[in-house]
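Notes to accompany the following structure.
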Protein chains: 2
Amino acid sequence: MPVSPLFRRIDVAPAYQKVADAIEREIVSGRIKPGDPIGTELELVRQFGVNRSTVREGIRVLEEGGLLRRDSSRRLQACLPRYNKLATRLSRALVLHEVTFRELFEASMTLEVASTECAVERATEEDIAELADNLARSERVIGDAAALAECDADFHMLVAKASHNRVLQLAREPAAQLFFPTTEMIVSHVAQGASRLVEAHRHLLEAIQRRDKAAGVQWTRRHLQDWRRGFERIASLDRSVEHMYMEHAQAVRHK
Amino acid sequence: MPVSPLFRRIDVAPAYQKVADAIEREIVSGRIKPGDPIGTELELVRQFGVNRSTVREGIRVLEEGGLLRRDSSRRLQACLPRYNKLATRLSRALVLHEVTFRELFEASMTLEVASTECAVERATEEDIAELADNLARSERVIGDAAALAECDADFHMLVAKASHNRVLQLAREPAAQLFFPTTEMIVSHVAQGASRLVEAHRHLLEAIQRRDKAAGVQWTRRHLQDWRRGFERIASLDRSVEHMYMEHAQAVRHK
DNA sequence: CAAATCTACTTTGTCCGACAAACTGATAAA
DNA sequence: TTTATCAGTTTGTCGGACAAAGTAGATTTG
């Protein structure tokens, strides 16, 4: 039977970590709201009683975690972590774990279909307008593989947004980020790839407008199956997502 | 028409960021493999030609991103980011975005069902043994709400693992982390909550063993519906996931 | 000879002080 | 009213410093 301890566990975390944790607690608990200014570095130095270098190391941790950002004048403020920034970390992890395109495809089939189902139920006029806008743009850039791939990624992101389920939105993001580069490859290598892509988007949008769930699901599936067939003409589904992929993701992130 | 530029864009990223990016590139590209040692701080100082404080800030960024860790002797080495560590960031983001339990429930319904379907197809003997082990433990701690909630979280994590789809595994993790604390509440507030939970696990495991997909899906749904009914006795599904939740997640993370 | 101990060196975590560049806000000039 | 100037902050970076912890090789001990 455990004896009730005389002493509390000594906290041996390094000082910069404690600084980060202290600020994190304030933000996550809601006592500091997104947009609120954290003090200047010098103020934090005074409050925590540690050196500025130490404070700065703590700040880096929080910046990377998306809880802190610097505004236009580089002053610190709390912020709401953006999904796609966090998802980049996850995509990176998936690459390093060498997941296969098969896993990516399988998971996306589930996630995108679920997004579509929710979007069909709940898309607002604005959501539909944004999707229509995207579709129009796709049609204009149908000859440009890179631009079309970007439209495709945006389109599905907009569908997920129209689902009005942020958990779903976040869950699909990492996989979606890894899809993106392949779409460009497929569109430029497979004849009719581009036109089939745009056609699928058109039908999907119509299904959402008509609140026709069955059609929405059907076109989402067909669209993904198209991707799969296109991909298999280029490479095996059991290939792992290559390291080089991340270079694209990085370029996007730093833009 | 854009004129071809005379000068390349000047890279204005701060030095610590460039240090982080340089190391990140080496790891993500695969030139440095997980487990490989990065040099000491002093070596990095020499290689990059910047001050040690600058190097250290860069290191913090990568540590937080899960790409770098310090081994037993605190030397730096590349590493494979662990899903659940990264997922903690995401859970935090979901809390800050004040997602509702309804969103959580809806997304989990999709994700957990998909996990089950894959697990039914692909679970190995080992996966099943781990699940059986977990079930046995659940039965032993059926009176202890906190321990049972932990078992529940583990059980579903094991099912996801048995899906042998790491994208799915990662996608469900953030939502799962937020479920955890509610399970404890429900089990301790709702009569028969605990026994129904264990019963659902038992049937789910049997379904996986028999490779009976329909039964697996059915019991997963039923199990989640149970959660929902239990939760609605305590609070509204449209309540947002509270800030206080993260304190639990933090405790787990620092363990 | 093997095991334990000691010692010199390295590395990390932290601190101090410093300075240029960028930004702020206010004042002076056109 | 707009532009230019200027002093004060704040950030990003630097150099050097030191204690604590870890490492490895030399030394003592059994």
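Lettering follows sequence order; numbering is per chain, from 1. Keep in mind the model is a prediction, meaning the values are calculated, not measured. All values below come from the heavy atoms of this structure, side chains included, with hydrogens, waters and symmetry mates left out.
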Mind running a 4.0 Å heavy-atom check of residues 50-59 of chain B against DNA chain D and sending the residues that fall below it, in number order?
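Correct list: B:Val50, B:Asn51, B:Arg52, B:Thr54.
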Expressed in angstrom and rounded to an integer, what is the separation of [X] atom [atom1] from [N] atom [atom2]?
X       : N      : atom1 : atom2 : result
B:Glu41 : C:dC15 : CD    : C1'   : 15 Å
A:Tyr16 : C:dG13 : OH    : P     : 6 Å
B:Arg75 : C:dT12 : CZ    : P     : 7 Å
B:Leu42 : C:dC9  : CG    : C1'   : 13 Å
A:Arg74 : C:dT24 : CZ    : P     : 11 Å

Given side chains that start at C-beta, do those of A:Leu94 and B:Tyr83 come closer than 4.5 Å, heavy atoms only?
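Of all side-chain heavy-atom pairs linking B:Tyr83 with A:Leu94, at least one is under 4.5 Å.
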If you walk 5' to 3' along DNA chain D, what is the first nucleotide with an atom under 4.0 Å of a heavy atom in chain A, and what is the last?
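The footprint of chain A covers D:dT10 to D:dT13.
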Among residues at least two apart in sequence or on other chains, which ones pass side chain to side chain contact (heavy atoms under 4.5 Å, CB included) with A:Asn84?
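Side chain to side chain contact (heavy atoms under 4.5 Å, CB included) check on A:Asn84 returns A:Arg82, A:Glu173, A:Gln177.
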Assess whether a salt bridge exists between A:Arg70 and A:Glu41, defined as any Lys/Arg side-chain N lying under 4.0 Å from an Asp/Glu carboxylate O.
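The answer is yes: the pair qualifies as a salt bridge.
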Charged N-O contact under 4.0 Å between B:Glu57 and B:Arg60
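No, no charged N to carboxylate O under 4.0 Å.
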Under the side chain to side chain contact (heavy atoms under 4.5 Å, CB included) test against A:Leu44, which residue among A:Val50, A:Ile38, A:Val19 passes?
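Considering A:Val50, A:Ile38, A:Val19, a side chain to side chain contact (heavy atoms under 4.5 Å, CB included) with A:Leu44 is found only for A:Ile38.
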Answer yes or no: does a side-chain N or O of A:Arg70 lie under 4.0 Å from OP1 or OP2 of C:dC23?
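For C:dC23, neither OP1 nor OP2 has a side-chain N or O of A:Arg70 closer than 4.0 Å.
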Nearest-0.5 Å distance that lies between atom [atom1] in [X] and atom [atom2] in [Y]:
X        : Y        : atom1 : atom2 : answer
B:Cys79  : B:Lys33  : SG    : NZ    : 15.5 Å
A:Arg56  : B:Thr54  : CZ    : OG1   : 8.0 Å
A:Arg122 : A:Asp127 : CZ    : CG    : 11.0 Å

